[in-house]
Amino acid sequence: MRNLLPLISSHPGGRSSLTCRFRCGDACFKETPNTSDNEYAGDIIARAVSRRSMMRAAAVVTVAAAAGTAALTGPNAPQAEAVALAGHGHEPPHKPAPSGARGLRFSPVAPNKNDKVTIPDGYSQNVVIRWGEPILRGAPAFNSDKQSAKAQAGQFGYNNDFLSLLPLRGERGRQVLVANHEYTDEILMFRGYDPANPTREQVEIAWAAHGLSVVVVQEEHRTGKLGPVSRHPLNRRLTATSEFRVTGPAAGSDLLRTSADRTGSRVLGTLNNCAGGTTPWGTTLHGEENFNQYFANGNTAEHKRYGIGTGATERKWERFDRRFDLAKEPNEANRFGWVVELDPYDPDSTPRKRTALGRFKHEAAQPRLTSDGRPVVYMGDDEKFDYLYKFVSSKRMKKGTSRAAREHNLTLLDEGTLYVAKLTGDSPAAEIDGTGKLPTDGEFDGSGVWIPLATGTTSHVPGMTADEVYVYTRLAGDKVGATKMDRPEDVEPSPRTGRVYVALTNNSDRGKEGKAGADEANPRNANKHGQILELAENWDDPAGDGFAWRLFLVAGDPNDPATYFSGFPKESVSPISCPDNVAFDDHGNLWISTDGNQLGSHDGLFGVATHGDRRGELKQFLTVPTGAETCGPVIQDRRVLVAVQHPGEVDGASVEKPASIWPDGPGKIVRPSVVAVWRKDGRDIGV
């Protein structure tokens, strides 16, 4: 057996301290915000003291899995796979075909530390757009030594994360690219930056570099290369000072009112937009994640539960705008931490913050439709020991692109029920020992329930009003005993099978003294590498209140016994660590981008088969440059897009002392960028 791959960092998540400072406000080094004593799945399992009671629990899971057979197995999957998922044994024997799973027929990229985007043989790439490239009329070309807030407000923003590519009717070869800009790293943006004394100009540039970009891109004839169409009428920048509407049941709440907005319905800006989603009605969703780090002088229990510190912030924005000082504006932070909906086809529209979807550190939000056309949105709260949520709309989507249909569909996410998940395992507590060893039934699996939190103006949480549930959703999850998870990030339903996949990135605090220990859904203490959970709604009904679940993938070095790839031979998979953003291709393969690889390689993008006799086959498609994170994957038939975020963000790096020369070579400032990859022969990816 080969030796285990080396860990690259003792820092939580494998990230540099520079990244942690600017992306999430050093969340890993601070007290975990969730100090609730609500039960976790391990507590529930421990009370099943007899084998008979455990068998009854397994029977419940079997019924749930059978009820969700269509979602869990797909209409054409072999019966053996359905039996395995029902908890009756191991995965069926694998008989790998030489060519690999359809959509994944490429030579995997080996783990590496190349300061570039490394792609498979037979593929080409180009940088689609870089930080600072002009996209609006009148915006100047980027000059790192002559930046201004006015210029940045017309240029592509910093640290691109979520990406969406939407069709553009009537303009051949063109699509609409929508990008999140999660955060700024001023040390890598400005020469001579003094973190203790930022200037107003630097702060205003950073405000303009946050937010969202909409830019039309043009495909080059005969290749997969994409490039921006500058000054297109649909191009748009939304920043930390743009106007956003607050909609849904908490709009106008006293908890959202400030001295500048006494209506509680208008907010300036969107912050720390991480991942997102694309709706069936043609809009995009954007999750406001680590918003807490922008606010100074937190002084309430609610502020603490959301990770807001009691002192000054890293960027010192509170010196230049009083709304970032909670001693002066205690409700301003309540106006962030929402899912934002944007209509990229209407450059004059005001984006909306959807309060019905709850307020927490939203990693992403990806809808699916019920059989009668109602949207269901799955969401993760990206914090150690926080929760998995879903929202079920009470309205049906209208088909078509008429004005009436579009106006109606822009109300779909304002009315419905918000739920939080509680998971139960089906194996004896003694078999979940924190090492990641599989229980005797051959899988980490079980059942779960969706606990309702609020519907419209009605709260389902004792002691909390509906407004409090929406604004302080974490506290509502605490009260009802939701399951503490290992950083639930992107949550994606498969358009092919209906199964829902949850990326759980890592949790270095799992099993520590005073913290929740391992349970069947989070089976490793001091979890460095993360896992992916697969969920099937009972009766294949996304609006239902129960589900079956199992761990699809337990990440790490395949030579480590604590890893699991749905039973696929581990000598035939790529090593993977810290799954983050996920997406699907048309073949039903799940594509996984990583954040904080702990296995001696740069982060990358991986594809894994989710069904058939190659289920669990995982291959690395690319790696990103030094210090970078892989974000925002878009998987099209003939093109893959990734957002290369924070390249060169390594401890000790600065503009004067860069740790990377990507993307433009020596002597040029390091710039977060979007990259497209395609096959040289013009054929579909991986076939």
Side-chain angles (χ1 to χ4, degrees), residues 18 21-23 25 129-161 179-215 235-244 258-261 266-273 286 288 290-297 312-326 328-329 332-333 335-336 340 350-351 645-646 649 654-655 669-672:
L18 188 62
R21 281 174 59 190
F22 285 96
R23 184 178 62 183
I129 189 168
R130 299 160 172 80
W131 162 50
E133 290 195 34
I135 61 174
L136 300 187
R137 189 177 302 277
F142 179 71
N143 185 330
S144 62
D145 293 320
K146 294 183 179 180
Q147 299 182 58
S148 71
K150 181 179 180 181
Q152 177 65 86
Q155 297 167 335
F156 194 69
Y158 197 78
N159 268 342
N160 32 226
D161 196 299
N180 281 355
H181 301 294
E182 186 175 4
Y183 70 98
T184 49
D185 184 335
E186 284 77 355
I187 289 176
L188 299 183
M189 293 173 67
F190 305 119
R191 293 186 186 278
Y193 180 72
D194 180 359
N197 294 288
T199 67
R200 171 171 285 279
E201 180 182 51
Q202 290 169 335
V203 168
E204 290 183 352
I205 292 169
W207 289 345
H210 277 74
L212 316 173
S213 287
V214 180
V215 55
N235 290 2
R236 191 176 188 189
R237 277 302 322 281
L238 294 147
T239 73
T241 58
S242 301
E243 184 174 288
F244 289 73
T258 66
S259 62
D261 173 32
R266 298 278 175 175
V267 177
L268 290 183
T270 184
L271 296 172
N272 213 263
N273 302 94
H286 308 266
E288 297 182 320
N290 293 298
F291 64 91
N292 57 297
Q293 64 175 303
Y294 300 93
F295 295 95
N297 303 319
T313 66
E314 170 70 43
R315 294 175 178 81
K316 312 294 189 297
W317 288 4
E318 64 273 17
R319 296 180 183 177
F320 303 95
D321 190 332
R322 59 174 282 135
R323 68 188 177 115
F324 296 107
D325 186 345
L326 297 184
K328 299 175 181 178
E329 290 289 354
E332 185 67 27
R335 293 146 65 84
F336 297 85
V340 175
T350 301
Q645 193 187 81
H646 58 76
E649 198 166 58
S654 65
V655 173
I669 194 168
V670 181
R671 297 166 73 179

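Worth saying up front: this structure is predicted, and the values here are computed from it rather than measured. The analysis underlying the following values was restricted to heavy atoms, covering all of them including side chains, and did not include hydrogens, waters or symmetry mates.
- N159 places no side-chain N or O within 3.5 Å of a backbone atom of E182 that could act as its donor or acceptor partner.
- In this structure F295 satisfies the ring pair (Phe, Tyr, Trp, His ring centres under 6.0 Å) test together with F324, F336, sequence neighbours excluded.
- By the side-chain contact (heavy atoms from CB on, under 4.5 Å) test, N297 pairs with D325, A327, sequence neighbours left out.
- When atom types are taken as modelled, the side chain of R237 and the backbone of V214 share no donor-acceptor pair closer than 3.5 angstrom.
- Judged purely by atom type and a 3.5 angstrom limit, R322 has no side-chain atom pairing as donor or acceptor with the backbone of E329.
- Side-chain contact between Q155 and P140 is present, with heavy atoms from C-beta onward closer than 4.5 Å.
- Just one residue in the list R200, E204, Q202 forms a side chain to side chain contact (heavy atoms under 4.5 Å, CB included) with F320, and that residue is R200.
- Considering every non-hydrogen atom in both A139 and P134, the closest pair reads O-CB, 3.5 Å.
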_What verdict does the side-chain contact (heavy atoms from CB on, under 4.5 Å) test give for T270 and F244, after you've listed the backbone C-alpha separation in whole Å, the side-chain angles of each residue and the deciding distance to 0.1 Å?_
CA-CA 8 Å; T270 184; F244 289 73; 3.4 Å; yes
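- Listed by first and then second residue, the salt bridge (Lys or Arg N to Asp or Glu O under 4.0 Å) pairs involving residues 134-152 are D145-R191 (not counting sequence neighbours).
- Closest of all the heavy-atom pairs between F291 and A333 is CE1-O, 3.8 Å.
- Taking both residues in full, the closest heavy atoms of M189 and A209 are given as CE-CB, 4.3 Å, listed atom of the first, atom of the second, then distance.
- Within the 4.5 Å cutoff, the side chain of P351 has no heavy atoms near those of the H286 side chain.
- At distances below 3.5 Å, not a single donor-acceptor pair connects side-chain atoms of E318 with backbone N or O atoms of A312.
- Of all heavy-atom pairs between I669 and L188, the closest is CD1-O, 3.7 Å.
- Scanning for salt bridge (Lys or Arg N to Asp or Glu O under 4.0 Å) contacts around D261 gives R335, with sequence neighbours left out.
- The backbone N or O of S144 lies less than 3.5 Å from a partner atom in the side chain of Q147, making a donor-acceptor pair.
- Y294 meets the ring pair (Phe, Tyr, Trp, His ring centres under 6.0 Å) test with H210, W317; sequence neighbours excluded.
- Legend: residues meeting ring pair (Phe, Tyr, Trp, His ring centres under 6.0 Å) with Y193, ordered by chain and number and at least two apart, are absent.
- No donor-acceptor pair under 3.5 Å is formed between the side chain of N160 and the backbone N or O of A179.
- A heavy-atom distance below 4.5 Å is found between the side chains of I187 and F22.
- No side-chain donor-acceptor contact under 3.5 Å links R319 to the backbone of P198.
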*Kindly indicate, with the supporting measurements, whether the criterion side-chain contact (heavy atoms from CB on, under 4.5 Å) is fulfilled by T241 and D321.*
CA-CA 11 Å; T241 58; D321 190 332; over 6 Å; no
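- Remark: side-chain polar atoms of H181 are not paired, donor with acceptor, to backbone N or O of G211 under 3.5 angstrom.
- Residues I135 and I129 share a closest heavy-atom pair of CG2-CD1, 3.7 Å.
- A distance of 9.0 Å separates OG1 of T350 from CG of L238, quoted to the nearest 0.5 Å.
- Under a 3.5 Å cut-off, the side chain of T184 and the backbone N or O of E186 do not form any donor-acceptor pair.
- Side-chain contact between E133 and V215 is absent, with no heavy atoms from C-beta onward closer than 4.5 Å.
- Side-chain atoms of R315 never come within 3.5 Å of backbone atoms of A206 as a donor-acceptor pair (strictly under, hydrogens ignored).
- Considering all non-hydrogen atoms of both residues, A151 and S148 come closest at N-OG, 3.0 Å.
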*Determine, step by step, whether T239 and Q152 satisfy the side-chain contact (heavy atoms from CB on, under 4.5 Å) criterion, reporting the C-alpha distance in whole Å, the side-chain angles of both residues, the deciding distance to 0.1 Å, and the verdict.*
CA-CA 10 Å; T239 73; Q152 177 65 86; over 6 Å; no
